[in-house]
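To start, the structure itself, in structure tokens.
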Amino acid sequence: MLDLRRIREAPEEVLRALHTKNPNLELDEILALDARRLNLLQESEKLKALRNTESRAIAEAQKAGQDAAPRIAAMREVGDRIKAVDGDLKEIDERQHDLLMRLPNTPHPAVPVGRDERDNVEVGSWGEKPVFTFTPRNHLELGEALDILDFPRGAKIAGSGFPVYKGAGARLERAIINFMLDLQTLEHGYTEIFPPFLANRESMTATGQLPKMEEDMYHAVKDDLFAIPTAEVPITNLHRDEVLPGESLPVRYAGYSACFRREAGSYGKDVRGFLRVHQFNKVELVQFTRPEDSDRTLEELRGHAEEVLRRLGLHYRVLALCTGDLSFSSARTYDLEVWSPAEGRYLECSSCSTFTDFQARRGSMRFKDKGGKPQILHTLNGSGLATSRLIVALLETWQTADGGITVPPALRPYMGGLERIA
RNA sequence: GGAGAGGUGACCGAGUGGUUGAAGGUGCACGCUUGGAAAGCGUGUGUAGGGUUACACCUACCGAGGGUUCGAAUCCCUCUCUCUCCGCCA
């Protein structure tokens with residue numbers, strides 16, 4: 001949520017920033033409602049002040065044995081008037097709040113201006129595209145030949161896009177998750193969280209999935225709970241409606257979760273194997289920082305995500321997303337894209353973002369220094385990482401001519417020392 | 001799922017419908033006292049919104065939302081969460 005005061009005081013500036021994300025956004029109705037709201041609010045408060053003083057006077061009068069009936073009658077009218085004004089006020093408030101909740105975050109000034117993913121800017125890369133002396137197989141062929149992945153049976157159980165990992169594949173998946181968690185907690189200083197995989201409406205609203213993305217999520221109607229599309233939701237909401245001690249910042253959490261996405265409207269795109277799935281595994285990094293620290297923290301977070309790919313020996317590049325490609329809540333995002341030798345292209349496997357005060361304002365997440373006032377903090381997060389595209393790149397990059405897979409050295413301790421899957 | 005008890009400020013804990021933003025205590029901050037500390041004494045100590053150049057001041061908030069009333073932390077309804085017992089269960 002954007003600061004209403006900021007919209008009120010500098011609407012052109014806010015609008016200009018919003019338009020770099022989406023040229024169709026407008027603030028007219030919000031501003032019009034704001035003017036009416038302030039009017040009504042002042043009227044309501046004036047009437048309430050009158051009611052308060054009169055009520056006290058009535059009590060005094062009655063104590064003194066005077067007849068207060070006429071004053072009570074007058075106050076009854078004031079009461080009715082208050083009810084009417086407050087009714088209007090509530091309606092306007094709700095409408096304005098709804099509009100406000102549908103406005104995206106404004107981009108950070110450093111974000112390249114652009115329309116869509118074609119305008120993203122490559123800002124870094126690591127490693128080289130692997131060269132093979134044979135024709136590399138894709139992850140589906142490898143997974144099937146080695147009997148470690150079973151998409152058809154996953155489709156039978158739940159539907160397409162619900163992968164089954166088997167044998168060494170299942171163990172590999174678990175190894176990757178454990179490796180990533182250990183790296184982030186033991187070496188990068190994150191506290192491990194194992195969160196709920198379902199979250200309520202309030203939580204989904206705070207991080208920005210609601211109200212606009214309801215169609216993209218699995219929804220348990222009976223309980224009005226949503227399957228989390230990312231652990232960002234439960235982990236960020238850990239501190240919703242809280243005031244953290246200033247000295248406790250930055251707070252850093254890393255957590256594993258399964259992630260669920262309906263991917264509505266994306267049928268026909270990337271349907272093969274792991275390229276686009278409805279359920280996948282991810283270790284998510286979340287940080288809560290002071291406002292002045294969030295820029296620096298984003299770079300640091302990106303480094304923590306990159307380290308996973310480096311240790312697994314996977315070639316990747318880093319993109320700075322342009323304004324038009326930023327997500328709803330994000331002010332600035334780096335995507336990590338890992339190289340898939342069989343696909344011959346880069347696949348997104350991490351997204352590191354700063355949300356500035358956008359999520360924190362929606363979820364009332366604040367900090368307070370000793371003797372100071374509560375202030376809105378900043379939230380950031382990044383995948384560290386998602387395993388689905390990662391495992392595509394890993395299988396394809398580490399495959400050998402005989403159709404087997406070399407287990408990357410970093411994962412061997414997590415595979416009981418196993419060096420090859422064959 | 002059934003029965004019962006309860007949600008008051010950073011914390012504990014009062015609160016007959018009428019200056020109760022809320023007694024008392026603890027904690028915290030500042031000051032006095034002291035060679036220094038403890039104890040003691042004094043003062044202060046919520047959030048949000050409106051308003052003001054800045055103060056003042058006004059409004060709201062005692063789990064959430066409605067209702068009754070001139071007036072609600074106090075009465076009524078709904079929801080929610082916590083605890084205890086029973087049932088079911090990985």
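Within every chain, numbering begins at 1; the chains are lettered A, B, ... in the order of the sequence lines, protein sequences first and strands thereafter.
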Can you tell me the distance, in whole Å, between the CG atom of Leu40(A) and the C1' atom of A60(B)?
16 Å
In whole Å, measure the gap between the P atoms of G7(B) and G15(B) for me.
11 Å
Mind checking the P distance from A14(B) to C75(B)? Whole angstroms is fine.
16 Å
Tell me every residue that passes side-chain contact (heavy atoms from CB on, under 4.5 Å) with Gln62(A), counting only those two or more places apart in sequence or in another chain.
Ile58(A), Ala68(A), Ile72(A)
Side-chain donor-acceptor distances from residues 223-236 of chain A under 3.5 Å, at least two apart:
{"residue": "Asp224(A)", "atom": "OD1", "partner": "Arg201(A)", "partner atom": "NE", "Å": "3.2"}
{"residue": "Asp224(A)", "atom": "OD1", "partner": "Arg201(A)", "partner atom": "NH2", "Å": "3.0"}
{"residue": "Asp224(A)", "atom": "OD1", "partner": "His219(A)", "partner atom": "NE2", "Å": "2.8"}
{"residue": "Asp224(A)", "atom": "OD2", "partner": "Arg201(A)", "partner atom": "NE", "Å": "2.8"}
{"residue": "Thr230(A)", "atom": "OG1", "partner": "Glu232(A)", "partner atom": "N", "Å": "2.9"}
{"residue": "Thr230(A)", "atom": "OG1", "partner": "Lys282(A)", "partner atom": "NZ", "Å": "2.8"}
{"residue": "Glu232(A)", "atom": "OE1", "partner": "Asn381(A)", "partner atom": "ND2", "Å": "3.4"}
{"residue": "Glu232(A)", "atom": "OE2", "partner": "Gln359(A)", "partner atom": "NE2", "Å": "2.8"}
{"residue": "Glu232(A)", "atom": "OE2", "partner": "Asn381(A)", "partner atom": "ND2", "Å": "3.3"}
{"residue": "Thr236(A)", "atom": "OG1", "partner": "Glu232(A)", "partner atom": "O", "Å": "2.7"}

Separation of C58(B) atom C1' from Lys46(A) atom NZ, nearest Å, is 11 Å
Under-4.0 Å salt bridge between Asp357(A) and Arg361(A):
yes
What's the gap between G17(B) and U69(B) when it is taken at their C1' atoms, as a whole Å value?
9 Å
Taking atom P in both C28(B) and A10(B), compute the distance separating them and give it to the nearest angstrom.
16 Å
When the C1' atoms of A60(B) and G24(B) are considered, how many whole Å apart are they?
26 Å
Testing U47(B), C58(B), A60(B) for proximity to the side chain of Ala49(A), the answer is C58(B)
Using Watson-Crick and G-U wobble pairs with both distances under 3.5 Å, what is the 5'-to-3' dot-bracket string of RNA chain B, with [ ] for crossing pairs and | for pairs outside the strand?
((((((((.[[[..)..(.....]]]((((((.......))))))(((((......))))).[[[[[..)....]]]]])))))))....
Reading nucleotides 61-81 of chain B from 5' to 3' and marking B where a protein heavy atom lies under 4.0 Å of the base, S where only the sugar-phosphate is that close, and - otherwise, the string is -----S-S-BS----------
Give a yes or no answer on whether the side chain of Thr323(A) reaches the backbone of Gly114(A) with a donor-acceptor pair at less than 3.5 Å.
yes
Per nearest nucleotide of RNA chain B, the residue lying toward the 5' end, Arg366(A) or Ser44(A), is Arg366(A)
Please give the distance between the P atoms of G21(B) and G46(B) as a whole number of Å.
15 Å
Measure NZ/Lys373(A) against P/A10(B) and give the value in whole Å, please.
13 Å
Please confirm whether the ring centroid of Phe274(A) lies under 6.0 Å from the ring centroid of Tyr165(A).
yes
Taking 4.0 angstrom as the limit, do Arg16(A) and Glu13(A) come out as a salt bridge?
no
Whole-Å distance between G46(B) C1' and Gln375(A) CD?
17 Å
With the criterion being N/O to N/O and under 3.5 Å, what pairs connect the protein with nucleotides 50-53 of chain B, and how long is each?
{"residue": "G50(B)", "atom": "OP1", "partner": "Arg8(A)", "partner atom": "NH1", "Å": "3.2"}
{"residue": "G51(B)", "atom": "OP1", "partner": "Gln42(A)", "partner atom": "NE2", "Å": "3.4"}

P spacing across the pair U78(B) / G25(B), given as an integer number of angstrom
39 Å
P atoms of G1(B) and G65(B), separation to the nearest Å
24 Å
Could you tell me whether Arg5(A) and Glu9(A) make a salt bridge, using a distance below 4.0 angstrom between a side-chain N and a carboxylate O?
no
Using a 6.0 Å cut-off, check whether atom CD of Glu141(A) has over 12 heavy atoms from anything other than its own residue.
yes
Donor-acceptor pairs are to be reported for all side-chain atoms of residues 76-85 of chain A against protein atoms at under 3.5 Å, with residues two or more places apart or in another chain.
{"residue": "Arg81(A)", "atom": "NE", "partner": "Glu43(A)", "partner atom": "OE2", "Å": "3.2"}
{"residue": "Arg81(A)", "atom": "NH2", "partner": "Glu43(A)", "partner atom": "OE2", "Å": "2.6"}

Separation of A48(B) P from Met1(A) CE (nearest whole Å):
13 Å
Any salt bridge linking Arg252(A) with Glu300(A)? Criterion: basic side-chain nitrogen under 4.0 Å from a carboxylate oxygen.
yes
Output yes when Glu263(A) and Arg261(A) qualify as a salt bridge under the 4.0 Å nitrogen-oxygen rule, no when they do not.
no
Looking at Arg153(A), I want to see if its CZ is surrounded by more than 12 non-hydrogen atoms of other residues, nucleotides or ligands under 6.0 Å.
no
Output, in order, the C-alpha distance, side-chain angles, deciding distance and verdict of side-chain hydrogen bond (donor to acceptor under 3.5 Å, both in side chains) for Arg174(A) and Tyr414(A).
CA-CA 8 Å; Arg174(A) 190 156 53 86; Tyr414(A) 297 91; over 6 Å; no
Please give, in whole Å, the distance from U59(B) P to Leu50(A) CG?
10 Å
Leu89(A) CG to A60(B) C1': how many Å, rounded?
12 Å
What is the separation between atom CD on Glu242(A) and atom P on U47(B), rounded to the nearest whole Å?
17 Å
